[in-house]
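One structure is given below, encoded as structure tokens.
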Number of protein chains: 2
Amino acid sequence: MNYPVFAVTVDLVVLTVRGDELCVLLVRRGCEPHLGEWALPGGFVLADEDLAAAARRELAEETGLAGPGGHLEQLASYGAPERDPRGRVVTVAYLALLPDLPVPKAGTDAAEAEWRPVGERRLAFDHDRILADGVERARSKLEYTPLATAFCPPEFTIAALRQVYEAVWGETIDPRNFHRKATTAPGFVSPTGDSTGGGPGRPAKLFRRGSATLLNPPILRRGGV
Amino acid sequence: MNYPVFAVTVDLVVLTVRGDELCVLLVRRGCEPHLGEWALPGGFVLADEDLAAAARRELAEETGLAGPGGHLEQLASYGAPERDPRGRVVTVAYLALLPDLPVPKAGTDAAEAEWRPVGERRLAFDHDRILADGVERARSKLEYTPLATAFCPPEFTIAALRQVYEAVWGETIDPRNFHRKATTAPGFVSPTGDSTGGGPGRPAKLFRRGSATLLNPPILRRGGV
DNA sequence: TCCTTTTCTCGTCAGTACGACGATAACCGG
DNA sequence: CCGGTTATCGTCGTACTGACGAGAAAAGGA
């Protein structure tokens, strides 16, 4: 049987929340094509490597391991004939959600790697589209899953969790209603017993992620879309 | 730059509702590997073809066109190194939802093509997993989108729409509550003015799909998962 | 010490949506 | 005309929601 040959890559949409902004990990390309332009991190799938394994490997290379609290899932595949001038390249995009790490180390092959607010830069290839799809997936998943905790360190306050929602959705949320919903949704968060201190205001109780995989009732954003 | 070469295929999870059962379009393989076994329809992506175009082409070849009311979306990609004995093959799975068509014509290269209730047969390759992912996607999408209308002909009754939900979810729904929710959700369905007749019981009003792309409020199944 | 500011946490209240189910409407075949 | 069947409308108690008031617990300054 005769069939066309392809190269297969994985590209990563790595998201985190820094302060009140949703940020994505970008690299400046160190080789052709699109040399010097900003793009999503990624690379070719090796000869004997599973797709998910390739994604985990690239994530480790770019960020120095997806520490505890991270999340990685397949996003979608993109294979338009003209998307890469080198030939037929199909890319399988993965979505990673991470807590705010110190700062990404410069990857092996990428000249620079930086957190950038989503939408700030135009990207090479079709990476703008891939990024948009990843952001939309993240926004949607926050409604129906406890995945917002993937953006938080192992112990966090309800206010920190709320700031994740506000950054990802780009809208403000009433702290009192959010506190009620987050603490009453079964399995979303569980209290550690400890509290924060040091800053102004009443100390906040600390929580860990719960055991639920689905949020019931969900936490819905205003617009619906 | 040196990189491994892959073959890329598209596989289709084509679902429909026949009577009270959710059915999937299966083909009996006419060539090696897995000759004679049942599998999802699919084929290689051509040299100058987009992924979505390949999926539409395969769908047209197997079913004779996705008529009005159909829906096609990318599902996920599967690329385990050992999933195809012929070598590295990455498949991009697509999910299609169609109204109950007469009967699929035997495809060009597939020996037979048949509607089979979901879960009735074991499939070749990793197609059991792909089918399970597609069914779960369909079940989930029925909650938050008006996609159930994709299983219906252009004009349908509320009862027919309810039978779609019951078949896909495998649970019974109260006809009175469903009628209220389906007719009050903005943009889900719009009345044509006509009615059915002929059978026993009170004639049912006919509806067309509405313009909404998202269902608000959603129509939730019991279990949540 | 006392007061103000800040932030977290708990309550209240009306509006909305839900599931369970009763009641009525409109057709069929006898 | 009458029972069987299916579609459609209405009712009721419960649960969840958003808007917002109020108290609790810290830091910091006078």
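Residue numbers begin at 1 in each chain, while the letters A, B, ... track the order of the sequences.
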Expressed as a whole number of angstroms, how long is the span from [X]:[atom1] to [N]:[atom2]?
X      : N      : atom1 : atom2 : answer
A:N216 : D:dA15 : CG    : P     : 14 Å
B:L215 : C:dA17 : CG    : P     : 13 Å
A:F178 : C:dC10 : CZ    : C1'   : 17 Å
A:I158 : C:dT7  : CD1   : C1'   : 14 Å

[Y] side chain reached by [X] side chain, heavy atoms, under 4.5 Å:
X      : Y      : value
B:F188 : B:I219 : yes
A:L26  : A:W38  : yes
A:T157 : A:T196 : yes
B:D11  : B:H127 : yes
A:E171 : A:R221 : yes

Set out, in order, the CA-CA distance, both residues' side-chain angles and the distance that settles side-chain contact (heavy atoms from CB on, under 4.5 Å) for A:I130 and A:Y78, then state yes or no.
CA-CA 8 Å; A:I130 298 175; A:Y78 304 81; 3.6 Å; yes
So which pairs with a foot in residues 147-169 of chain A pass salt bridge (Lys or Arg N to Asp or Glu O under 4.0 Å), sequence neighbours left out?
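Every pair satisfying salt bridge (Lys or Arg N to Asp or Glu O under 4.0 Å) with a residue in residues 147-169 of chain A: A:E155-A:R208, A:R162-A:E166.
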Every protein N/O lying under 3.5 Å from an N/O of nucleotides 20-24 of chain C:
unit_1: C:dA20; atom_1: N7; unit_2: B:N177; atom_2: OD1; d: 3.4
unit_1: C:dA20; atom_1: N7; unit_2: B:N177; atom_2: ND2; d: 3.0
unit_1: C:dA20; atom_1: N6; unit_2: B:N177; atom_2: OD1; d: 3.3
unit_1: C:dG22; atom_1: N7; unit_2: B:R176; atom_2: NH1; d: 2.7
unit_1: C:dG22; atom_1: O6; unit_2: B:R176; atom_2: NH1; d: 3.3

Of the listed nucleotides (C:dC8, C:dG19, D:dT17), which one gets closest to any side-chain atom of B:K181?
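Minimum distance to the B:K181 side chain belongs to C:dG19.
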Please tell me which of B:P203 and B:L220 maps to the more 5' nucleotide of DNA chain C, matching each residue to the nucleotide holding its nearest heavy atom.
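The residue whose closest nucleotide sits nearer the 5' end is B:L220.
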Salt bridge check, A:R137 against A:D133: does any charged N sit closer than 4.0 Å to a carboxylate O?
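A salt bridge is absent here (no side-chain N lies under 4.0 Å from a carboxylate O).
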Test side-chain hydrogen bond (donor to acceptor under 3.5 Å, both in side chains) applied to B:R180 and B:T184, B:N177, B:T183, the passing residue:
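Among the candidates, only B:N177 passes.
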Any idea how B:W169 and B:Y165 line up, ring-wise: parallel (<30°), tilted (30 to 60°), or perpendicular (>60°)?
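Plane angle over 60°, so perpendicular.
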Which pair of non-hydrogen atoms, one from B:R56 and one from B:L72, has the smallest distance, and what is that distance?
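For B:R56 and B:L72, the tightest heavy-atom pair comes out as CG-CD2, 3.6 Å.
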Which atom of A:T91 lies closest to which atom of A:R83, heavy atoms considered:
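Smallest interatomic distance, heavy atoms only, reads CG2-NH2, 3.3 Å.
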Distance check: side-chain N/O of A:H179 vs OP1/OP2 of C:dT9, anything under 4.0 Å?
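Answer yes for this pair, as a side-chain N or O of A:H179 is under 4.0 Å from OP1 or OP2.
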Residues from residues 182-197 of chain B sitting under 4.0 Å of DNA chain D, heavy atoms only?
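Close to the strand, none.
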Which residues in residues 160-167 of chain A have a heavy atom closer than 4.0 Å to any atom of DNA chain D?
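Within residues 160-167 of chain A, no residue comes under 4.0 Å of DNA chain D.
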Show me the side-chain donor-acceptor pairs of residues 116-123 of chain A shorter than 3.5 Å, one per line, residues at least two apart or across chains.
unit_1: A:R116; atom_1: NE; unit_2: A:E114; atom_2: OE1; d: 2.9
unit_1: A:R116; atom_1: NH1; unit_2: A:E120; atom_2: OE1; d: 3.2
unit_1: A:R116; atom_1: NH2; unit_2: A:E114; atom_2: OE1; d: 2.5
unit_1: A:R122; atom_1: NE; unit_2: A:D128; atom_2: OD2; d: 3.4

Angle of first-five versus last-five pair axes in the helix from C:dT1-D:dA30 to C:dG30-D:dC1, to 10 degrees
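Roughly 10°, once rounded to the nearest ten degrees.
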